[in-house]
Trainee: 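Handing you a structure now.
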Amino acid sequence: MNYISPTAISDRGLELLSATFWFSVLATFLLCVAGYSSSSQSASLKPHITGNFIHDWWFGIQLNPHFLGIDLKFFFVRAGMMGWLLINLSVLARSVLNATMSQSMILYQTFCAIYVLDYFVHEEYMTSTWDIIAERLGFMLVFGDLVWISFTFSIQGWWLLTNKAELTTAATIANCLIFLIGYLVFRGSNKQKHMFKKNNKALIWGKPPKVVGGKLLASGYWGIARHCNYLGDLLLALSFSLPCGISSPIPYFYPMYLLILLIWRERRDEARCAEKYKDIWAEYTKLVPWRILPYVY
């Protein structure tokens with residue numbers, strides 16, 4: 001409708017990055033104030049105060065704070081995912097106007113669009129993830145949702161605006177296969193965990209689930225590795241970067257960062273599960289010895 005140029009975002013990336021960062025800082029200070037003043041004893045709103053303001057601000061005080069009836073944790077992650085898509089679409093518009101559209105740009109844009117839209121279709125599965133269950137809402141999550149997801153997951157698109165990457169037919173097919181395998185593992189493992197939590201007798205790959213101690217799923221993807229969903233996420237991240245070729249490490253910032261993050265998160269999750277499930281967890285780790293990548297890690 002010509003109210004806003006489709007390249008408004010791609011032309012003002014740094015200004016939007018700066019504004020979003022400072023909004024994240026302000027929002028999390030307000031969350032701290034709300035957390036310190038809360039006296040609620042409900043699981044989602046009970047304040048977890050350490051006395052160290054930096055720690056409380058960074059990791060958060062409340063698990064699922066609300067504002068005007070809105071679950072802020074879901075609000076911020078939705079905003080981050082939509083921001084990522086809008087940045088990509090604006091970069092795509094700039095690429096069209098600059099006549100620099102390439103096969104690599106089309107692959108990257110297609111993979112990301114499928115990933116983002118799939119998130120909203122299957123958002124229910126988020127309720128079984130670590131972020132929702134265990135992480136409190138502080139700067140780490142708010143910054144991660146609004147700034148990190150939107151502005152670093154889109155680095156490949158920005159890079160392709162000013163750089164060319166020539167892909168062979170074999171490379172293109174391999175890239176598509178990595179995306180497809182990553183998507184199937186990521187979505188399939190999260191779905192299996194979510195359905196198991198809703199009904200612990202639901203069939204997994206057509207068979208009754210194998211359950212350790214009546215609590216831990218050891219069938220399907222969860223019988224292959226203890227964090228198979230992380231493997232799917234890493235393959236997806238890699239597929240977003242491969243369209244850029246191998247001439248520069250810049251487009252690979254996202255998968256490299258995600259690898260470090262998920263290993264750190266996996267270690268925290270393992271410690272939490274070992275404390276929570278004790279002997280059951282020890283039995284599960286013997287049955288499923290691999291953490292993320294079978295026969296490697």
Side-chain angles (χ1 to χ4, degrees), residues 63 77 81 111 114-135 173-242 254-297:
L63 186 63
V77 72
M81 295 297 283
F111 294 159
I114 292 173
Y115 182 87
V116 173
L117 294 175
D118 176 79
Y119 165 82
F120 286 102
V121 172
H122 299 103
E123 190 178 41
E124 179 188 356
Y125 301 159
M126 274 288 291
T127 58
S128 303
T129 61
W130 168 273
D131 283 356
I132 300 300
I133 294 173
E135 295 280 24
I173 294 174
N175 197 172
C176 291
L177 285 175
I178 290 173
F179 173 80
L180 180 61
I181 294 170
Y183 173 79
L184 292 174
V185 173
F186 175 73
R187 179 55 59 222
S189 56
N190 281 332
K191 181 178 181 180
Q192 286 178 354
K193 178 173 66 173
H194 186 73
M195 298 309 295
F196 174 74
K197 289 192 175 186
K198 292 179 68 175
N199 176 13
N200 61 9
K201 295 183 180 179
L203 297 180
I204 301 291
W205 288 346
K207 299 179 181 179
K210 182 184 294 184
V211 183
V212 178
K215 296 181 179 180
L216 300 177
L217 177 63
S219 289
Y221 290 107
W222 302 96
I224 297 174
R226 302 198 294 268
H227 302 274
C228 215
N229 55 329
Y230 290 175
L231 174 61
D233 213 0
L234 287 167
L235 288 174
L236 285 170
L238 181 62
S239 74
F240 299 156
S241 300
L242 286 174
Y254 171 35
M256 289 189 292
Y257 145 77
L258 191 65
L259 176 64
I260 296 170
L261 171 71
L262 292 182
I263 290 177
W264 175 59
R265 177 171 288 184
E266 171 265 322
R267 294 299 177 94
R268 293 168 62 207
D269 194 20
E270 292 268 326
R272 174 175 168 269
C273 289
E275 181 180 355
K276 180 178 180 180
Y277 297 111
K278 297 181 172 61
D279 293 341
I280 297 176
W281 183 254
E283 182 182 350
Y284 174 62
T285 57
K286 288 181 180 179
L287 185 63
V288 187
W290 305 108
R291 295 171 179 257
I292 297 177
L293 181 60
Y295 304 104
V296 176
Y297 176 71

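If you're wondering where the values come from, they're calculated on a predicted model, not measured in any experiment.
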Trainee: Check the pair Lys191, Glu124 against salt bridge (Lys or Arg N to Asp or Glu O under 4.0 Å), reporting the backbone distance first and the verdict last.
Mentor: CA-CA 9 Å; Lys191 181 178 181 180; Glu124 179 188 356; over 6 Å; no
Trainee: Lys207 side chain to Ile204 main-chain N or O, any donor-acceptor pair under 3.5 Å?
Mentor: no
Trainee: To check you understand the geometry: which heavy-atom pair defines the closest contact between Asp233 and Leu258, and what is its length?
Mentor: O-CD2, 3.7 Å
Trainee: Do you know which of Phe240, Tyr254, Phe120, Phe179 makes ring pair (Phe, Tyr, Trp, His ring centres under 6.0 Å) with Tyr115?
Mentor: Phe240
Trainee: Step by step, work out the side chain to side chain contact (heavy atoms under 4.5 Å, CB included) result for Arg265 and Glu135.
Mentor: CA-CA 11 Å; Arg265 177 171 288 184; Glu135 295 280 24; 4.2 Å; yes
Trainee: What are the two closest non-hydrogen atoms of Leu203 and Pro208, and how far apart are they?
Mentor: CD2-N, 3.6 Å
Trainee: Which value, rounded to the nearest 0.5 Å, describes the distance between Tyr230 atom OH and Leu261 atom CG?
Mentor: 8.0 Å
Trainee: Of the non-hydrogen atoms in Gly182 and Leu236, which two are nearest, and what is the gap between them?
Mentor: C-CG, 3.8 Å
Trainee: From Leu177 CG over to Ser239 OG, what is the distance, rounded to the nearest 0.5 angstrom?
Mentor: 11.0 Å
Trainee: Start with the C-alpha distance between Lys201 and Phe196, add both sets of side-chain angles, then the distance that settles side chain to side chain contact (heavy atoms under 4.5 Å, CB included), and finish with yes or no.
Mentor: CA-CA 7 Å; Lys201 295 183 180 179; Phe196 174 74; over 6 Å; no
Trainee: Is there a donor-acceptor pair under 3.5 Å between the side chain of Gln192 and the backbone N or O of Tyr221?
Mentor: yes
Trainee: Roughly how far, to the nearest 0.5 Å, is CG of Leu293 from NE2 of His227?
Mentor: 13.5 Å
Trainee: Rounded to the nearest 0.5 Å, how far apart are CD1 of Ile178 and CG of Leu234?
Mentor: 12.0 Å
Trainee: With side chain to side chain contact (heavy atoms under 4.5 Å, CB included) as the test, would you mind laying out the steps for Phe111 and Cys176 before giving the verdict?
Mentor: CA-CA 9 Å; Phe111 294 159; Cys176 291; 4.1 Å; yes
Trainee: Cut-off 3.5 Å, side chains only: do His194 and Asn190 have a donor facing an acceptor?
Mentor: no
Trainee: Answer yes when Arg226 and Glu270 have at least one side-chain N-carboxylate O distance shorter than 4.0 Å, and no when they do not.
Mentor: yes
Trainee: Let me confirm one number: the CE-CG distance from Met81 to Asp118, rounded to the nearest 0.5 Å.
Mentor: 8.5 Å
Trainee: Check step by step if side chain to side chain contact (heavy atoms under 4.5 Å, CB included) holds for Leu184 and Leu180.
Mentor: CA-CA 6 Å; Leu184 292 174; Leu180 180 61; 4.2 Å; yes
Trainee: Can you list, pair by pair, the side-chain donor-acceptor contacts under 3.5 Å of residues 279-289, counting residues two or more places apart and other chains?
Mentor:
{"unit_1": "Tyr284", "atom_1": "OH", "unit_2": "Trp222", "atom_2": "O", "d": "3.0"}
{"unit_1": "Thr285", "atom_1": "OG1", "unit_2": "Trp281", "atom_2": "O", "d": "3.3"}
{"unit_1": "Thr285", "atom_1": "OG1", "unit_2": "Ala282", "atom_2": "O", "d": "2.8"}

Trainee: First locate atom CZ of Arg268, then atom CD1 of Ile263, and finally report the distance between them rounded to the nearest 0.5 Å.
Mentor: 14.0 Å
Trainee: For a quick test of reading the model, state the closest non-hydrogen atom pair linking Val77 to Tyr119 and the distance between them.
Mentor: CG1-OH, 3.2 Å
Trainee: What do you reckon, is NZ of Lys215 surrounded by more than 12 foreign heavy atoms closer than 6.0 Å?
Mentor: no
Trainee: Measure across Ala225 and Ile292 and return the closest heavy-atom pair with its distance rounded to 0.1 Å.
Mentor: CB-O, 3.4 Å
Trainee: Looking only at heavy atoms, what is the nearest atom pair of Cys228 and Ser189, with distance?
Mentor: C-OG, 4.2 Å
Trainee: Go through the steps for Glu266 and Tyr297 under the test side-chain hydrogen bond (donor to acceptor under 3.5 Å, both in side chains), then give the verdict.
Mentor: CA-CA 11 Å; Glu266 171 265 322; Tyr297 176 71; 2.6 Å; yes
